[in-house]
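First the structure, in the form of structure tokens, and then the observations on it.
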Amino acid sequence: MGITDNTQIDLPSNQVRFAGESGAGQPKIRVEGYHGFFDGKPVLKNISLDIHSNERLAIIGPASSGKTTFLRSLNRMTDLNHEFTHSGRILLDGLDLWDRNMDVPELRRRVGIVYAVPTPLPWSIYDNMAYGPRLAGKFKPSEIERMVEEGLKNAFLWDEVKDRLRTPATNLSGGQQQRLCLARVLALEPEVLILDEPCSGLDPISTGKIEKALEILKARYSIVLVTNNTKQAARASDRTAFFCMGELIEIGQTAQVFTYPASRKTNDYITGHFG
Amino acid sequence: MKRDKLIGILLMIVAFSAMLGLGLIAVFIFLEGLPIIGKVGVWDFVFSAQWYPAEGKFGILSMIVGSLFVTAGAILIGLVFGLGCAIVLTQFCPRKLVSVIKPSIELLAGIPSVVYGFMGVLILVPVIRDYLGGPGLSVLASSIVLGIMVLPTVTSISVDALQAVPRSFYEGSIAIGATRWQTTWMVMLKGARSGIVAAFILGMGRAVGETMAVIMVAGNTISMPGSILDPVRTLTSNIALEMSYSAGDHRKALFATGVVLFIIIMILNTIALWVSRKRVWKGPRR
């Protein structure tokens with residue numbers, strides 16, 4: 001399938017795209033000249049990049065490089081911060097996120113976020129899972145039950161919790177809580193999955209389970225993964241973007257970025273010389 | 001080391017003197033009030049509406065009912081506005097506006113109660129008389145005045161309770177597609193439930209105990225109120241109004257009224273403490 005793409009980077013040839021789903025050649029998310037400011041101070045400078053369907057994009061970069069802010073912009077979680085302002089555009093399937101017609105709660109169901117720290121609500125596992133579908137208000141109880149199970153299975157958590165769905169989510173271990181948060185987002189069947197250092201506090205086994213889930217899930221979603229762990233970026237992504245001081249320094253195929261980075265800064269960062 | 005011990009003992013004495021005050025008041029009221037309750041009989045004292053001190057009839061039922069009516073009205077108003085205020089302040093209001101609104105609500109607590117009563121008599125009572133009928137001096141007037149008076153208590157405790165709900169609950173809920181209102185309703189209010197109940201009960205305690213403002217707007221007739229437009233006398237007003245000219249059994253009966261009031265407020269405060277300590281809460285059951 002031919003891919004007409006405006007970016008300089010082509011998708012891997014084995015990448016399958018759902019024709020017609022988002023228009024031929026149209027990226028899932030297109031970021032155009034995006035600037036972000038906290039209290040007027042720029043934290044993101046002129047970011048332009050495309051995120052395609054069915055790819056895993058890793059975003060790496062040193063602390064306070066704007067990675068998290070960029071990620072939170074993708075489903076307007078930045079709205080929660082009154083000091084934040086922006087310019088430029090972010091298009092989801094061609095529609096600007098700040099367009100008058102954009103339904104923001106729906107946007108957050110379509111672009112699901114998982115935070116660095118697990119944020120289970122203080123209810124049972126089942127109620128945590130069912131909260132999103134119930135809010136959407138368009139599903140029958142039987143459908144919700146199915147969505148809960150699907151979500152938990154997709155996050156590799158089902159077998160561990162299927163017998164105690166009614167127990168408090170806060171009784172789960174950290175790794176399980178994080179997978180619950182992933183499952184909770186997956187239950188909503190989003191189009192894009194964005195993860196902010198989802199494994200920063202996790203043990204290697206939980207990390208492995210989450211990476212495995214992402215590998216399988218990319219068949220259905222676009223995945224954007226912010227990580228401080230460059231090894232994880234190398235392992236669990238198709239393309240990698242390097243952010244530094246609020247600027248996008250480089251974006252390219254993960255293999256290429258990690259072996260022949262175009263920028264000196266990228267090279268220094270991934271080899272551990274700064275950051 | 002020695003000095004430490006000395007300071008420790010001194011502080012201990014200071015701390016206990018507060019408790020001593022409470023103890024002395026309790027003992028005094030009970031000593032003065034209990035004998036007359038025994039003489040009249042608990043049942044006749046609490047459940048008779050016949051208050052004729054000259055004939056030796058001391059039944060305070062109408063005042064208990066009056067107090068409960070007025071308090072219920074006050075807490076309804078206080079809770080609707082106080083909780084509404086707290087929700088707006090914590091969830092929907094830019095921080096700059098919060099720094100104006102919150103102190104001004106707290107300032108309400110500093111206004112002397114006689115001023116509230118004065119405003120009630122001058123403005124509220126004529127309005128009720130002209131537009132709703134009755135004498136104006138009524139349960140409704142007292143409830144509104146007291147409702148405004150308990151606002152600072154209810155608001156500031158509710159704000160604290162809502163702010164104590166972890167930020168991650170809020171973010172987590174928004175992130176799965178909840179609107180701010182849905183988040184407030186399903187996550188924040190549930191999380192703050194125990195604190196809000198405490199605010200409710202402390203507000204009630206304050207409303208039950210208020211005297212001056214109520215005397216000015218309640219009408220103070222000793223009779224069972226038939227509607228919210230009827231005048232009432234509350235337990236507190238009864239004590240304040242009659243203490244100056246009472247003697248003998250009459251005087252003792254007023255102390256006994258204080259005993260009943262004391263017990264009501266103690267019960268309310270104990271419930272408030274008990275509820276606010278229960279921080280555990282469960283999810284939406286289905």
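Small disclaimer: the values here were computed from a predicted structure and weren't measured. Below, chain A is the first sequence line, B the second, and so on; all start at residue 1.
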**Item:** Test item: A:V104 and B:R180 side chains (from C-beta on) under 4.5 Å apart, heavy atoms
**Value:** no
**Message:** Are the side chains of A:L135 and B:M186 in contact, using a 4.5 Å heavy-atom criterion?
**Reply:** yes
[atom1] of [X]: more than 12 outside heavy atoms within 6.0 angstrom?
X      : atom1 : answer
B:F118 : CZ    : no
A:F243 : CZ    : yes
A:F156 : CZ    : yes
B:F16  : CZ    : no
A:W98  : CH2   : yes

How close do [X] and [Y] get, counting heavy atoms only, and between which atoms?
X      : Y      : value
A:R109 : B:I176 : CG-O, 3.9 Å
B:G177 : A:P105 : O-CB, 3.3 Å
B:F169 : A:P120 : CE1-O, 3.8 Å
B:G172 : A:T119 : CA-OG1, 3.9 Å

**Request:** Kindly indicate, with the supporting measurements, whether the criterion side-chain contact (heavy atoms from CB on, under 4.5 Å) is fulfilled by A:L121 and B:K190.
**Result:** CA-CA 11 Å; A:L121 293 163; B:K190 283 211 176 99; over 6 Å; no
**Asked** When only pairs under 4.5 Å are counted, which of A:V185, A:D79, A:L80 shares the most heavy-atom pairs with chain B?
**Response** A:L80
**Heavy-atom pairs under 4.5 Å with chain A, option from B:E171, B:Q182, B:R95 with the top count** =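 Between B:E171, B:Q182, B:R95, the count favours B:E171.
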**Prompt:** Where the side chain of A:R108 meets the backbone of B:A175, is there a donor-acceptor pair that is under 3.5 Å apart?
**Reply:** no
**Request:** Check each atom of A:Y126 against the heavy atoms of chain B and say whether the ones under 4.5 Å are side chain, backbone, both or neither.
**Result:** neither
**Asked** Non-hydrogen atoms of chain B under 4.5 Å away: do they reach the side chain of A:R110, the backbone, both or neither?
**Response**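 Contact with chain B: none, neither part.
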